[in-house]
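First listed ligand is number 1; within each ligand, the first listed atom is number 1.
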Amino acid sequence: MAEQTDLLILGGGTGGYVAAIRAAQKGLDVTIVEKHKLGGTCLHKGCIPTKALLRSAEVFDTIKDAATFGIDDVTNMTVNFGKIQERKQSIIDQLHTGVQGLCKKNKIRVLEGEGAILGPSIFSPVSGAVAVTFTDKSKEEEIIVPKNVIIATGSTPRSLPNLPLDEKNILSSDGMLELEELPKSIAIVGGGVIGVEWASLLNSLGVEVTIIEFLDRLLINESATISRELKKSLEKRGIKVLVKSKVEKATINKKDITVEIEGQDALNVEKVMVAIGRTPNVDGFGLQNTSVKYDQKGIEVNEFYQTTESHIYAIGDCIDTLQLAHVAMKEGELAVSHILEETVEPLNYVNVPRGVYTNPEVASVGYVKENVPADKKVKVGTFNFAGNGKALVYGGDGGVVEVIRDVDTDDLLGVSIIGPHATDLISEASTAIYLDASPIEIGEAIHPHPTLSEAIQEAALDTYGKAIHK
Ligand code: FAD
């Protein structure tokens, strides 16, 4: 006997569980099928664990720098990586319990097992019924027949044919999180967000780090100035950054790994991390039984996240949009609104805030200088954190804010930041863009003193040549 439900969500990661809660709040009967753990990549293998590790690295950096703050004799410091990992896990566990509690509170049925979408069958004349194979093997397979489906199956680390992942010597970000001991040295292939975050944290904890990036700069989607500042800052900390460099192969020796790079000397390192992006999960759960279109870039959807079968939606990392947790959450909420026939304003992906949790942090929203449409006349205002009192008090004077103003419309087109707490600061800019505020409104709004946010105010004023402290 098949069970009926209003909405079945395949995958209980960030996008999936948020969509489920929103749908349940709006009165739908919701079922989640999750084969691993509620919370998905972000909670168990992504955002939260990496930020927990980065926080330990930041504490260590601060203590190393204690003498600068007048705290002498901080000696005999050691990194206890086991304890760092334990702290990380306890944060994950606490949040995981929280997500489970939220699903329970919202009366969401959570089925622990693997779901596979069926084509038209005796259970339903249209595709979209889902067969669930339970993790608990003593339970019999169940068929759920939903009115609507949201696919939120996420993504998996991408590998390179010449660098096959074994998660022991050559690791993805998943394998890195399982390390029991820190390596002495590592080559990180890929200078995108995940690569630079790991580089920053491992360097802080004493690992010798080399980043190998194929393109001509780190964080290719950020402003070139910010990329340059980040590279300078990572190099100052002792990280070796090789750009325009192509890894040819890695040979695992008895005691180390030889990494061969085209036209350059080979490197010998203890571990290699491959951080070259993530592939959408589109295979292995029955899409071929439906007429949903998909390829290796992801599941094809319209602006309301409907696939080519209009009652089947797809959101998050498994579609070809920005692979970010807050994007997956928003897409989930919008898909639910569309299912409920509410008015939906499609998401403007340019205005999604982006954060990189390196030391120093990087964040941006809207356009960066390099991708402003050619027909727009812009003025870029800047402000260095060296002129910001709170940044000096905090102990970091590096970094800059860039604000882009449309000269004809006075619109705020984008803000990029490298510096302390950039990932928190960017929310002001994100809200300002959402509310259609102009840079002069940011400049005229009172910002408390001394705060790092004054750097955004000053950069906004600088787009009119009116910064006070510049
Ligand atoms: P996921 O969270 O991956 O969830 C998919 C879920 O589907 C999984 O739980 C999986 O088990 C389940 N599933 C798949 N197939 C099936 C099936 N057949 N049956 C049942 N269940 C299934 N984003 C940020 O915004 N900020 C960050 O700081 C950040 N840091 C990151 C750091 C790292 C190292 C990584 C890897 C990612 C990071 N991300 C970050 C990205 C973020 O984790 C993803 O964008 C987000 O998790 C996507 O959510 P999702 O719901 O689409 O997929």
* Compute the shortest N/O to N/O distance between Cys318 and ligand 1 and return yes if it is under 3.5 Å, no if not. => no
* N/O separation below 3.5 Å, Leu324 to ligand 1 -> yes
* **side-chain hydrogen bond (donor to acceptor under 3.5 Å, both in side chains) partner of Asn281, chosen from Asp317, Thr153, Thr156** => Thr156
* Neighbour count above 12 (heavy atom, 6.0 Å) for Lys232 NZ -> no
* Return yes when Pro157 approaches ligand 1 closer than 4.0 angstrom through a heavy atom, no otherwise. => no
* **Polar contact flag for Trp198 and ligand 1 (N/O pairs, less than 3.5 Å)** => no
* Can you find an N or O of Gly46 that's nearer than 3.5 Å to an N or O of ligand 1? -> no
* May I ask you to check if ligand 1 and Glu197 share an N or O to N or O distance below 3.5 Å? => no
* Structure fact -> Short version for Leu10: what comes under 4.0 Å of ligand 1, heavy atoms counted, is side chain
* Asked: Backbone or side chain, does any N or O of His326 fall under 3.5 Å from an N or O of ligand 1?
  -> yes
* To do: Could you see which bit of Arg278 sits under 4.0 Å from ligand 1, with heavy atoms only: side chain, backbone, both or neither?
  => side chain
* Is there at least one pair of N or O atoms, one from Gly39 and one from ligand 1, spaced under 3.5 Å apart? -> no
* Nearest-contact summary for atom 34 (C) of ligand 1 - protein heavy atom, Å -> Lys45 O, 3.7 Å
* List the closest protein heavy-atom neighbour of atom 53 (O) of ligand 1: residue, atom name, distance to the nearest 0.1 Å. => Gly154 CA, 3.2 Å
* May I ask whether Lys51 places a heavy atom under 4.0 Å from ligand 1? => yes
* Min heavy-atom dist Tyr357 to ligand 1 below 4.0 Å -> yes
* **Interfacing atoms of ligand 1 (cut-off 4.0 Å, heavy-atom, Gly13)** => 2 (O), 4 (O), 6 (C), 51 (O)
* Taking distance alone, with no angle check, do Asp317 and ligand 1 share an N/O pair under 3.5 Å? -> yes
* **Phe304 and His338 aromatic ring geometry - parallel, tilted or perpendicular at 30°/60° bounds** => parallel
* Sub-4.0 Å atoms of ligand 1 with respect to non-hydrogen atoms of Cys42 -> 2 (O), 43 (O), 47 (O)
* Look only at interatomic distance and state if Glu34 has a nitrogen or oxygen under 3.5 Å from any nitrogen or oxygen of ligand 1. => yes
